[in-house]
Amino acid sequence: MAGDTRTRIAPSPTGDPHVGTAYVALFNFALARHAGGQFVLRIEDTDRVRSNPESERMILESLRWLGLQWDEGPDVGGEHGPYRQSERADIYRDHVEQLVSSGAAYPCFCTRQRLEELREEQRRQKLQLGYDGHCRSLAADEARQRRLAGEEHVIRLRMPGDGETVTNDLLRGEIRFANAQIDDQVLLKSDGLPTYHLANVVDDHLMEITHVIRAEEWISSLPKHVQLYHAFGWQLPVFCHLPLLRNADKSKISKRKNPVSINYYRRAGYLPEAMCNYLALMGWTMPDERDEFSREEFIEEFRLADVSLGGPVFDLDKLTWLNGRYIRQLEPEQLLERLREEAVSDANLLQVLPLVRERIDTLDALFDYGQFFFIGDLVYDDDARARLVAKGRTPAQTAKAFRLLVEEQLDPLLDWRASTIEDALRAFCERHEWTSKELFMPVRIAVTGRSATPPLFDTMAVVGREMCRRRLRCAIEVLRGMK
RNA sequence: GACCCCAUCGUCUAGCCAGGUCUAGGACACCGGCCUUUCACGCCGGCAACACGGGUUCAAAUCCCGUUGGGGUCACCA
């Protein structure tokens, strides 16, 4: 039976590969390998506007870099495909029709506007937020008619009005929710694609996933999922909700307070083994309590039931210490190989060299002049700190500009090229009444730590999106520390 | 706010399920020392925690209840 264990990681390709995804993937991977089962990668791209192929590409690459190879997935195929939800629309539609005919789900014709007003009203009266069941009791005939007529609608799950939904979480034991306070979840959106809830449950069943191991933030939708399984008459998988990685202030880990992109760690010189090792330490301990171990040893010793529940604070210091231990254990030849794979890969060097060529007189000047192309976090010297503040602006104003820049212009979905970066920066100036003259030097300093650099946009393009965003965020902290 | 989850050093955690062996163990960080031409590594040592209040019990970090605190979720996003 153990060989039948099937787990999955189901990321949504809407941005940079996230450290939280890697964390959950690692534990899913470890359980599957430990049990001799399969680990599946499924892409949850049912959000038409936010999903993008570049993000999917990066996620696959990151997980592969970490050594978390999947047995089935969009790139390697498998018996339960397709593994991209956007390619499974028909499957969801068929399943949702089953639910409609059995009465477990119903069409809802409420407009977004009505729903918004409803929420507004509920907020005003301090009532519980949620769908009011307006279309719940529509006559089946009428509903069918309106659907046939092509009226825009969604399909909602009909939750039981009373009683409670009780489930088991592998780590937490029994979890119970009063049904009355769970509203009728949308299963199929008006664009014909499923919501997470439907797609997730249908796919986990069809792909024969035995252990649904995911982050804690999903606990509150657990009853909806359980009701869905019931509605389909399917057997429940084992549910296991892992604790959320946290910032130092205990809030859910976020890019504002931590580097969260796997791309960052890769770029900043962390080794994948060290990364996995550190992530494994988040909530789990080796039987002998040693904190250095290989992926193989982790797989060997891993017991899901031994995961502890306190939300672990992601500690860059400890990760860096561990990474140092790994580096020291590598032979110089091995280190050389690592270096060639990352910072000084031919590919990276070939991006850097055209930019520095006319600015250096000796080969060795590359390492001084272009150091910001190769390192992770920067240190701003006094001169840099002085020029980090825009001429005629205060540190606070500059910090605010950086924040808006990172949040609004240098979007995670922005196609990261010199020309688009330039457009983004100029758009920012226009929108927030900054001149390019004011803005560009501080940004240059933030991103490179220097006032003399190759052209800003080309430089940013090579430095990379996540590294630029990270450095801008660090610069914000520096600016906030100024009076 | 409602619902749900969680609670051991600043941080990651062991111990808790099967209560005594816990004057609570390890690791990061920090401090001190050793090694050393420097720095780092390494080694040795130090600082530092059972959130609070009630029970249950001969005995509670461990079991129960409550309080407090933290977190998550409340979308046609996942």
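The shown structure was predicted, so the numbers you read here are calculated from the model rather than taken from an experiment. To find a chain, count down the sequence lines: A is the first, B the second, and so on, and within it residues start at 1.
B:C76 and B:G70 are spaced 30 Å apart, taking the P atom of each and rounding to whole Å. Rounded to whole Å, the separation between the C1' atoms of B:U13 and B:C4 comes to 25 Å. To the nearest whole angstrom, the two P atoms, one in B:G72 and one in B:G66, are 24 Å apart. Comparing the same atom, P, in B:A49 and in B:U8 gives a spacing of 14 Å after rounding to whole Å. A distance of about 28 Å separates the P atoms of B:C6 and B:C22, rounded to the whole Å. Between B:A7 and B:C64, the distance separating the two P atoms is 12 Å to the nearest Å. Nucleotides B:U67 and B:C44 place their P atoms 47 Å apart, quoted to the nearest Å. B:C58 sits 37 Å from B:A27 when the C1' atoms are compared, rounded to a whole Å.
In this structure, the side chain of A:S190 does not engage the main chain of A:V154 through any donor-acceptor pair within 3.5 Å. Under a 3.5 Å cut-off, the side chain of A:Y265 and the backbone N or O of A:P259 do form a donor-acceptor pair.
If you take CE of A:M286 and C1' of B:G26, they are 15 Å apart, rounded to a whole angstrom. One atom, CD of A:Q181, and another, C1' of B:G1, lie 13 Å apart when rounded to the nearest Å. Note: NE2 (A:H241) to P (B:C5) measures 12 Å, nearest angstrom. Atom CG of A:N277 and atom C1' of B:A27 are 12 Å apart (whole Å). Across the protein-nucleic acid pair, A:R214 atom CZ and B:C5 atom P stand 15 Å apart, rounded to whole Å. As rounded to whole Å, 11 Å separates atom P of B:C4 from atom CD1 of A:I175. Separating the CZ atom of A:F177 from the C1' atom of B:A2 is a distance of 12 Å, rounded to the nearest angstrom. Atom CZ of A:F314 and atom P of B:U13 are 12 Å apart (whole Å).
The base-pairing partner of B:C3, taking Watson-Crick or G-U wobble contacts with both distances under 3.5 Å, is B:G72. The partner of B:C43, taking Watson-Crick or G-U wobble pairs whose two distances both stay under 3.5 Å, is B:G33. For B:A51, the paired nucleotide is B:U67, the pair qualifying as Watson-Crick or G-U wobble because both relevant distances are below 3.5 Å. Across every strand in view, B:U21 sits unpaired, with no contact that passes the Watson-Crick or G-U test at under 3.5 angstrom. Base pairing annotation: B:U11 forms a Watson-Crick or G-U wobble pair with B:A27, both donor-acceptor distances under 3.5 Å.
Ranked by how close their nearest RNA chain B nucleotide is to the 5' end, A:D306 and A:E174 are led by A:E174.
Partner of A:D377 under the salt bridge (charged side-chain N to carboxylate O under 4.0 Å, His left out) criterion, chosen from A:R267, A:R470, A:R473: A:R470. Looking at A:E72, A:R84, A:R88, A:Q85 one by one, the single match for side-chain contact (heavy atoms from CB on, under 4.5 Å) with A:R42 turns out to be A:Q85. Tested against A:C276, the residues A:L271, A:L281, A:L66 include a single side-chain contact (heavy atoms from CB on, under 4.5 Å) partner, A:L66.
RNA chain B lies under 4.0 Å from at least one heavy atom of each of the following residues of residues 287-302 of chain A: A:E289, A:D291.
No side-chain donor-acceptor contact under 3.5 Å links A:T14 and A:D47.
A distance of 13.0 Å separates CD of A:Q38 from CZ of A:F29, quoted to the nearest 0.5 Å.
Under the 6.0 Å cut-off for aromatic ring centres, A:F302 and A:F27 qualify, their centroids lying closer than that. Between A:F232 and A:H95, a ring centre-to-centre spacing shorter than 6.0 Å is recorded. The aromatic ring centres of A:Y278 and A:F314 sit less than 6.0 Å apart.
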Protein proximity profile, nucleotides 72-78 of chain B - base contact B, sugar-phosphate-only contact S, no contact -, cut-off 4.0 Å on heavy atoms: SSSSBBB

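Which of B:G42, B:G70, B:A29 sits closest to the side chain of A:R246 comes down to B:G70.
Side-chain atoms of A:K318 and base atoms of B:A27 include a donor and an acceptor less than 3.5 Å apart.
Residue pairs meeting the salt bridge (Lys or Arg N to Asp or Glu O under 4.0 Å) criterion with at least one member in residues 101-117 of chain A, sequence neighbours excluded: A:R114-A:D132.
Heavy atoms of A:Y278 sit nowhere under 4.0 angstrom from any nucleic acid atom.
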